[in-house]
Every structure is written in structure tokens, then in C-alpha cells.
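See structure below.
All of these numbers come straight from a predicted model, not from anything done at the bench.
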Amino acid sequence: MNHTVRVRYAPSPTGEPHLGNIRTALFNWLYARGQGGSFIVRVEDTDQERLVPGALNSILDALLWLGLDWDEGPTDDGKGNKGAFGPYFQSQRLPLYHQHTERLVASGSAYRCFCSSARLDAIRRAQQQQKLPPGYDRLCRDMPEDERRRRLDSGEPSVVRFRVPLEGATTVHDIVRGEVTWENRLLDDFIILKSDTFPTYHLASVVDDHVMQISHVMRAEEWLPSTPRHLMLYYALGWAPPKFAHLPMILGADRSKLSKRHGATSVLEYRTQGFLPDALLNFLTLLGWSLDDKTDVISRADLVRHFSLDRITKAAAIFNAEKLTWMNGVYVRAMSPQALAEQMLPFLERQEADGGLPNDIPMPLDRSYLLRIVPLVQERLKLLSESAELTGFFFQEHLAYDASLLVQKGMDAAATANALRQSSQRLAALSSWDTATLEALFRPLADELGIKTGQLFGAVRVAVTGRTATPPLFQTMEALGKERCMARIALAIDSLKP
RNA sequence: GCCCCCAUCGUCUAGCUGGCCUAGGACGCCACCCUUUCAAGGUGGAGACCAGGGGUUCGAAUCCCCUUGGGGGCACCA
């Protein structure tokens, strides 16, 4: 039995919240929530040069949007800390890393190295030319102590490297992959403390995972090759390592690491494209995990309840946006009209250039009118960003369409104009304006005019909406209201004049 | 080049301790039904000789080995 599950998501604030990274966060979160454990966010900001202003806020924003709340980590605004094991920014924990580095040096597990970047580059180049495995040549590994001390005292820049055993092997018992073993002699003496006195990822993550009492390290598969280094650090520090689970990667359509050229990679882009957080969450979970042989749509609560490490897939998954879009439609249809209207509003009210309604439509929109429209478009909407496209004609003052669209198959302009005139006359006499009344009027009218219902409805549909594909005609007309419909039909008749 | 991981329909996957698989579900695709258009929904279909080859076994998609293919890693980046 797991005593206390403590898992962490350890983003580095160097860019947008990538789908792959967030999927890792999601698995950690699901496991923590399902096990009654803690989900911790730790900011790995040990590379001063790659820090991107605002990146952390984007990442936290993405987590918050998806509903992945954390128990410990930065505060929601990214400025402070919350939790008993803080601070959760590695840049604020330097003394801790220095302390453990000293221990490793003192015990002989690590050593000062004075090799310059220039020399390192040179040996790497030489190794590549000779087709040798790249890696540090251990020049400083056996430097006499007095020389080491002298150069350090003189202020010569240095790093600290881990003294990797020359023999033996290191084995990790990975939860998803089983036993994986590396020969120690194939690993070089990696740097644990940089010359700017910041730790590398290897040291910092090991120290923090231990000190923060992390029980399971779940991270992307790309970390698997550095796991033996981490294990060596745990052993040298005298600590018991946590359990490891390396998650399958998410790849683009061409099977390479998901990147910009495969389309949107930032979770935030999916938000602006009109995906629902629950749909994305559901979809992302199924990229690398499954409940059984038939379940695709599964609620957040059930995900939390059923998520398990032993059903995580080993093979990398290709991100298939088409299925995500379908799934989003499923979630859209499952919403209450009120909730959907709420979600659609910002998409409708944003700038026309950003996919919103035309700029000449008065904002804010009439909410009760929108609420009458939403049920008509709900099952036709897959992405919230399609809102304006689908509902525009309900709001536009003037419809712009090609008059030839009014003329249905088997009809001509004169017949169409006549049908619309007849329609207009009958409609004018109507005292109530609802779907049933309208249908009762139009069906017999088609008969009288000697045309098919499809022909009549088609002409009226275009007249009233400017489009050939719309929600059901009479419901649409009811929502539009008599005044708008009458005016639009009149305009349509005009446009048919030779 | 070296190390590591992976391998079932185009894609996500079920298949975990071998027989219930002449391989199941979903997306997408194609028909048909419903229907005033578009959707949604319903029904049916095409689509994987389980990467290939060897074994083990009475019997393998399921276990083992090899090959091939794909991916990842080899920084004073994470």
C-alpha cells in the first residue's frame, strides 16, 4: 500500500505549456488525486539564460484552465510559494544544493573540474570526427589534491562533476518499462554544479525529490537515459530513490517529437481554438492510458477514480487532432445550453479578426436572445471558435449573399420570387410566430405552389439566413422573430428582380 | 557512431499471467436509414495475414532470440 503518494510536475519556465509536458502533469495529477496524495509543482529555473519572462504564468495558466490544481508549489500568480516543503523555485534553494555538493565532494563521489568550455568543445569535436562516443575525458578526475586546492583558491572557474564508477552497472525498476540496465563505464562524469554555482537538473531534481519526499517520479520517456545518473546520486547521497515511471512520448503525424510544425503545441492555443478543458483532458489521458477496450468518453471524476499506473502504454502516441475535435463536439453537446452560451460569449464578442462576430454588431450581446439561439447550434458546433460562423446571421443587420442561392434546383428566378411573395403575404397575416405555426403554414403552401417542400424551404432558408446550411428552418425563424424574417424576405424578393 | 526504449487497422487503443481472437472498440473514410438544408443519431461496410524470421508449445498477437523499422538520449538545457 502506498503510504503517502507525493508526485510532482517540474516544469522549466522556458516556453509555452507544451501538450506533452502538460500530459505529464496530467498523469501526475490524476495519480495524486486518485490515491489521495499530493500534487506538487516545482519550478526548475536553474538555467538563468533560458528563462523566458511570462513562461511560468502561461504554464500555471494552462494547469488552472485544465483544472489541474496543485497542493504545493508556486502560488497561482507564480510569485509566491505555498506548501511546507518550499520554496518551490529551485533558484531559491541554492544553499541546499551547495550543501549536498559539498558532501559529495567530501566523500569522494564528486570532484572539482577546471576544464573550460572551449576545451570541452574541442574534445567533443575530436570525438565526433573519430566517431567515438562523446563525453568528458575525465582529465580532472585524478588531479592531485594540492593542485585542485591551489587552482580553486586562486579563483579559477570550475564545475563539480560526479565521479561515475568505472565498473558495474546500474538498474532502474521502471513501473511502466520494467528493469532497464546501463553499464556504468558508458556514462561520463556529468556535471552536477555549474560554474555559475547553479546546480544542473540532475543534482537539483534528485535533491529536491528526496527533500520534498516525492514518492513517484513520473516524467517523459526522454528522461529514461539520465535515470542511471540520478540513481547514482541517490546512492552516493545515501538516499533511497523514489519509484520511477517513464511515460510514453507524444509525437507529431510524422512520428517525430511533437513540435510547432505539426500545428499547435501549446495548451493555450487549444483554448483559443475553442476546445473545452474537459475534452482536452479526456483526450490527453487516452494518449498513453486506457480504461478498457471500449471507453473513450470518460468524466474527470471517473478518470481520477480509475487511473492506474499499470495501464499506461509503453509505445509513443501520435497526436490526432481530428479525434480531439470529435471529442470536443461530444462535450459541447453534453453541456447545458446556459453553460454553452456562457462559453460561447467570449468567442462571439472578441474581435472579428480573431474570429468573433462582425465589428458592427453592438456589444455586449443580448444574452436572452443568445440563449434562444444556442439550442439550435449546439449539435452543429464542434469548437467554440466556430460560434460566430454558425450564429452570425442571427445577429447581422444585413445579410450578404449571392441571390442565385435563392433559386432552388428545378426553379427559376420568377418562380422563386413568386414563392417568396406568397410566403410573405401569408406570414404577414400570422398572429403567432412559433415553429409549429410556421410549419403548418409552409407545408400546404408548397403544395399550393406546386413545388416540393424542399424547394420552398430552401428558398426561404436562404432569404432568411443568407445560407444554404442552417439549423431547422422554422425553429430558426422563430428565434429570429417575425420582424427580421419579413424584412429579409422582402430584400430577397428585391434581389431577384431582373 | 554509442546507449536505451518501443513495435496490433491511416490514428488512439483492447488483447496483460498463451487456447473464449476466423483480433474487439473509437476517430476518420464509404454506403444506407432518419430528414426541409447542415448537423446529430441509427445500421452496415472497407480497413491489422498482429513489422519480418526463427524458436518454445498440443496450441502464440500473447513467452524467448535475431533482424528490420520507429523513437529517445549522448550540453556548464531541462
Checklist entry - Can you tell me the Watson-Crick or wobble partner of A40(B), both distances under 3.5 angstrom? => result none
Tabulate protein N/O versus nucleotide N/O from nucleotides 47-49 of chain B, keeping only pairs under 3.5 Å, one per line.
none

Checklist entry - Across all strands shown, which nucleotide pairs with C58(B) by Watson-Crick or G-U wobble geometry, both distances under 3.5 Å? => result G19(B)
Protein-nucleotides 23-27 of chain B N/O pairs under 3.5 Å:
residue: G24(B); atom: N2; partner: D293(A); partner atom: O; Å: 3.0
residue: A26(B); atom: O4'; partner: D296(A); partner atom: OD2; Å: 2.7
residue: A26(B); atom: O2'; partner: D296(A); partner atom: OD2; Å: 3.2
residue: A26(B); atom: N3; partner: K323(A); partner atom: NZ; Å: 3.1
residue: C27(B); atom: O2'; partner: K323(A); partner atom: N; Å: 3.4

Checklist entry - In chain order, what residues pass the side-chain contact (heavy atoms from CB on, under 4.5 Å) check against H210(A), with sequence neighbours excluded? => result Y234(A), W239(A)
Next on the checklist: Using a heavy-atom cut-off of 4.0 Å across all strands, would you classify T227(A) as base, sugar-phosphate, or nothing?
Outcome noted: nothing
Checklist entry - How would you list all residue pairs meeting salt bridge (charged side-chain N to carboxylate O under 4.0 Å, His left out) that involve residues 165-177 of chain A, not counting sequence neighbours? => result R177(A)-E221(A)
Checklist entry - K257(A) side chain N/O closer than 4.0 Å to the phosphate oxygens (OP1, OP2) of G73(B)? => result yes
Pairs: protein N or O with nucleotides 74-78 of chain B N or O, under 3.5 Å:
residue: C76(B); atom: O2; partner: S195(A); partner atom: N; Å: 2.8
residue: C76(B); atom: O2; partner: S195(A); partner atom: OG; Å: 2.6
residue: C76(B); atom: N3; partner: S195(A); partner atom: OG; Å: 3.0
residue: C76(B); atom: N4; partner: C115(A); partner atom: O; Å: 3.4
residue: C77(B); atom: OP2; partner: K194(A); partner atom: NZ; Å: 2.9
residue: C77(B); atom: O2'; partner: D47(A); partner atom: OD2; Å: 3.1
residue: C77(B); atom: O2'; partner: R50(A); partner atom: NE; Å: 3.1
residue: C77(B); atom: O2'; partner: R50(A); partner atom: NH2; Å: 3.0
residue: A78(B); atom: OP1; partner: T46(A); partner atom: OG1; Å: 2.9
residue: A78(B); atom: OP1; partner: K194(A); partner atom: NZ; Å: 2.6
residue: A78(B); atom: OP2; partner: Y201(A); partner atom: N; Å: 3.2
residue: A78(B); atom: O3'; partner: E44(A); partner atom: OE1; Å: 3.1

Within the sub-3.5 Å range, which N or O atoms of nucleotides 61-70 of chain B have a protein N or O partner, and how far apart are they?
none

Checklist entry - Watson-Crick or G-U wobble partner for G1(B), using a 3.5 Å limit on both distances? => result C74(B)
Checklist entry - So does R443(A) get a side-chain nitrogen or oxygen closer than 4.0 Å to the phosphate oxygens (OP1/OP2) of U36(B)? => result yes
Checklist entry - Passes side chain to side chain donor-acceptor pair (under 3.5 Å), Y111(A) versus D189(A)? Steps please. => result CA-CA 9 Å; Y111(A) 60 89; D189(A) 289 354; 2.6 Å; yes
